[in-house]
Visitor: 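Structure provided below as structure tokens; questions to follow.
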Amino acid sequence: SCSASPSATTVNNDVNWSATASGGKTPYAYSWSNDVSGSTASVTKSYTTTETKTGTVTVTSSEAQAQVKTCSSSATISNKPSVSSFTTTDADIIQGETTTLSWSCGDSTTSTGTNFNTGGATSGGPVSVSPNTTTTYTITCTNSINESSSSSRTVNVTPQSITASISISPTSGRAPL
């Protein structure tokens, strides 16, 4: 048998290709082909392009009438998820005011927000927020193999100004001359 582990990953991550042989006379000779090269039972390779990669291994036993078996396996290589953009219309507001958040994820299948709801959309907004205190908002973009990327924005909240007035008026007595 042969396998690729993991069978789904992102670019620049290792894929471990392995073959298990039994029967016939040892030692076995291994020959990998297609998107894998090597002559051992296990080969590790990383890929810089996205697509399904196939590894085929031919295993040959060492007896005079050699037994030859071929096995193929595959691994799907995807791009890493990214936060393409995450913006707020105003990062500094006065308590009671509203600002909006907008986002866009790259190579993702879903998103989640911390302190706001994305509805799972990989692009969205504007979503209005009106925090009472300084609050950090985070967008997390996730791909089909559960890898994620995050970005945060902080909205600084200044308390509302308080105004006071004092008036003095005589309540009794005589006015000066």
Side-chain angles (χ1 to χ4, degrees), residues 1-20 32-38 40-57 71-165:
S1 68
C2 60
S3 64
S5 178
S7 60
T9 190
T10 54
V11 293
N12 299 319
N13 284 339
D14 286 345
V15 175
N16 298 307
W17 301 89
S18 61
T20 303
W32 289 92
S33 60
N34 290 330
D35 297 310
V36 184
S37 61
T40 58
S42 295
V43 176
T44 300
K45 182 167 171 84
S46 65
Y47 298 93
T48 59
T49 58
T50 61
E51 63 188 329
T52 298
K53 305 295 183 179
T54 301
T56 300
V57 62
C71 180
S72 293
S73 188
S74 63
T76 303
I77 313 300
S78 308
N79 283 321
K80 294 181 186 249
S82 64
V83 178
S84 303
S85 68
F86 185 40
T87 60
T88 179
T89 52
D90 194 351
D92 297 295
I93 63 172
I94 295 174
Q95 189 175 34
E97 293 181 340
T98 298
T99 187
T100 60
L101 304 171
S102 297
W103 68 94
S104 178
C105 298
D107 297 304
S108 302
T109 55
T110 190
S111 73
T112 54
T114 302
N115 295 320
F116 75 107
N117 186 1
T118 67
T122 56
S123 66
V127 170
S128 295
V129 294
S130 184
N132 288 321
T133 60
T134 296
T135 302
T136 299
Y137 297 92
T138 302
I139 183 78
T140 301
C141 303
T142 306
N143 67 9
S144 61
I145 58 173
N146 211 30
E147 291 184 337
S148 61
S149 178
S150 298
S151 183
S152 297
R153 297 290 176 266
T154 298
V155 175
N156 300 303
V157 179
T158 302
Q160 289 183 349
S161 300
I162 297 175
T163 57
S165 61

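Heads up: numbering here begins at 1 and tracks the sequence. This structure is a prediction, so every number in the text was calculated from the model and none was measured.
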Visitor: Locate the shortest heavy-atom distance separating P81 from E147; write the atom from each residue and the value.
Guide: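 Where P81 meets E147 most closely, the heavy atoms are CG-O, 3.3 Å.
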Visitor: Side chains of T154 and T136 only: does a donor on one sit below 3.5 Å from an acceptor on the other?
Guide: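 The answer is yes; a qualifying pair exists.
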Visitor: Enumerate, atom names and distances included, each donor-acceptor pair closer than 3.5 Å involving a side-chain atom of residues 127-135, sequence neighbours excluded.
Guide:
{"residue": "S130", "atom": "OG", "partner": "E97", "partner atom": "O", "Å": "2.8"}
{"residue": "T134", "atom": "OG1", "partner": "V157", "partner atom": "N", "Å": "3.1"}
{"residue": "T135", "atom": "OG1", "partner": "T133", "partner atom": "O", "Å": "2.8"}

Visitor: Could you pull out the closest heavy-atom pair between S108 and T122, with the gap in Å?
Guide: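 Taking every non-hydrogen atom into account, O-CG2, 3.7 Å.
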Visitor: How would you list, by chain and number, every residue that makes a side chain to side chain contact (heavy atoms under 4.5 Å, CB included) with T109, sequence neighbours excluded?
Guide: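 Side chain to side chain contact (heavy atoms under 4.5 Å, CB included) check on T109 returns S144.
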Visitor: If the condition is side chain to side chain contact (heavy atoms under 4.5 Å, CB included), which residues does S104 pass it with, not counting sequence neighbours?
Guide: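 In terms of side chain to side chain contact (heavy atoms under 4.5 Å, CB included), with neighbours along the sequence ignored, S104 is linked to S84, S85, S123.
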Visitor: So how far is it from S72 OG to N34 CG, rounded to the nearest 0.5 Å?
Guide: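 S72 atom OG to N34 atom CG measures 6.5 Å (nearest 0.5 Å).
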Visitor: Any donor-acceptor pair under 3.5 Å linking the side chain of S7 with the backbone of S5?
Guide: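 Judged by distance alone, no pair lies under 3.5 Å.
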Visitor: For T99, which residues count as a side chain to side chain donor-acceptor pair (under 3.5 Å) partner, sequence neighbours excluded?
Guide: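 Result, side chain to side chain donor-acceptor pair (under 3.5 Å) vs T99: T88, T89.
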Visitor: A side-chain contact here means heavy atoms from C-beta on lying under 4.5 Å apart; do N79 and V11 qualify?
Guide: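 Side chain of N79 against side chain of V11, heavy atoms only: contact under 4.5 Å found.
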Visitor: Minimum heavy-atom separation for P126 to S102, with atom names?
Guide: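 Shortest heavy-atom separation between P126 and S102 comes out as CA-OG, 3.7 Å.
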Visitor: What pairs with E51 under salt bridge (charged side-chain N to carboxylate O under 4.0 Å, His left out), at least two apart in sequence or on another chain?
Guide: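 Here the qualifying residues are K53.
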Visitor: Nearest 0.5 Å, what's the CD1-OG1 distance between I77 and T10?
Guide: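 Answer rounded to 0.5 Å: 8.0 Å.
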Visitor: For the residue pair V155 and Y137, what are the closest heavy atoms and their distance?
Guide: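 Result for this residue pair: CG2-CE1, 3.7 Å.
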Visitor: State whether the side chain of N143 and the backbone N or O of N146 hold a donor-acceptor pair below 3.5 Å, judged by distance alone.
Guide: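 Confirmed, N143 side chain pairs with N146 backbone.
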Visitor: Apply side chain to side chain contact (heavy atoms under 4.5 Å, CB included) to S148 and list each qualifying residue two or more places apart in sequence or on a separate chain.
Guide: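 S148 satisfies side chain to side chain contact (heavy atoms under 4.5 Å, CB included) with T140, T142 only.
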Visitor: Tell me every residue that passes side chain to side chain donor-acceptor pair (under 3.5 Å) with N16, counting only those two or more places apart in sequence or in another chain.
Guide: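 Partners of N16 under the side chain to side chain donor-acceptor pair (under 3.5 Å) test: T44.
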Visitor: Keeping Y47 on the side-chain end and S78 on the backbone end, is there a donor-acceptor pair under 3.5 Å?
Guide: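 Flag not set: sc Y47 to bb S78 has no pair under 3.5 Å.
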Visitor: Applying ring pair (Phe, Tyr, Trp, His ring centres under 6.0 Å), which residue pairs with at least one partner in residues 74-95 are found, sequence neighbours left out?
Guide: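 Passing the test, one end in residues 74-95: F86-F116.
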Visitor: Using the side chain to side chain donor-acceptor pair (under 3.5 Å) criterion, which residues pair with S111? Sequence neighbours excluded.
Guide: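 Only T118 meet the side chain to side chain donor-acceptor pair (under 3.5 Å) criterion with S111.
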Visitor: Closer than 3.5 angstrom, by distance alone: can the side chain of W103 be matched with the main-chain N or O of S151 as a donor-acceptor pair?
Guide: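 Not confirmed, W103 side chain does not pair with S151 backbone.
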Visitor: What are the two closest heavy atoms between S46 and D14, and how far apart are they?
Guide: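 Here S46 and D14 meet closest at CB-OD1, 3.7 Å.
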Visitor: Verify whether one side chain among S3 and S18 offers a donor that lies under 3.5 Å from an acceptor in the other.
Guide: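 Yes.
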Visitor: For the CG atom of N115 and the CZ atom of R153, what is their distance to the nearest 0.5 Å?
Guide: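 Reported to 0.5 Å precision, the distance equals 14.5 Å.
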Visitor: Once disulfide (SG to SG under 2.5 Å) is applied, what residue pairs with a partner in residues 92-151 remain, sequence neighbours excluded?
Guide: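 Qualifying pairs, neighbours excluded: C105-C141.
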Visitor: Return the set of residues passing side chain to side chain contact (heavy atoms under 4.5 Å, CB included) with T40 (not counting sequence neighbours), or none when no residue passes.
Guide: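 With neighbours one apart ignored, the set is V43.
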Visitor: Looking only at atom types and distance, does a side-chain atom of S73 sit under 3.5 Å from a main-chain N or O of A4, one as donor and one as acceptor?
Guide: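 Confirmed, S73 side chain pairs with A4 backbone.
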Visitor: List for me each residue that meets side chain to side chain donor-acceptor pair (under 3.5 Å) alongside N156, sequence neighbours excluded, and say none if there are none.
Guide: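 For N156, the residues satisfying side chain to side chain donor-acceptor pair (under 3.5 Å) (neighbours in sequence not counted) are D92.
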Visitor: Please give me the minimum heavy-atom distance between Q95 and P159, naming the atom from each residue.
Guide: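 Here Q95 and P159 meet closest at OE1-CA, 4.0 Å.
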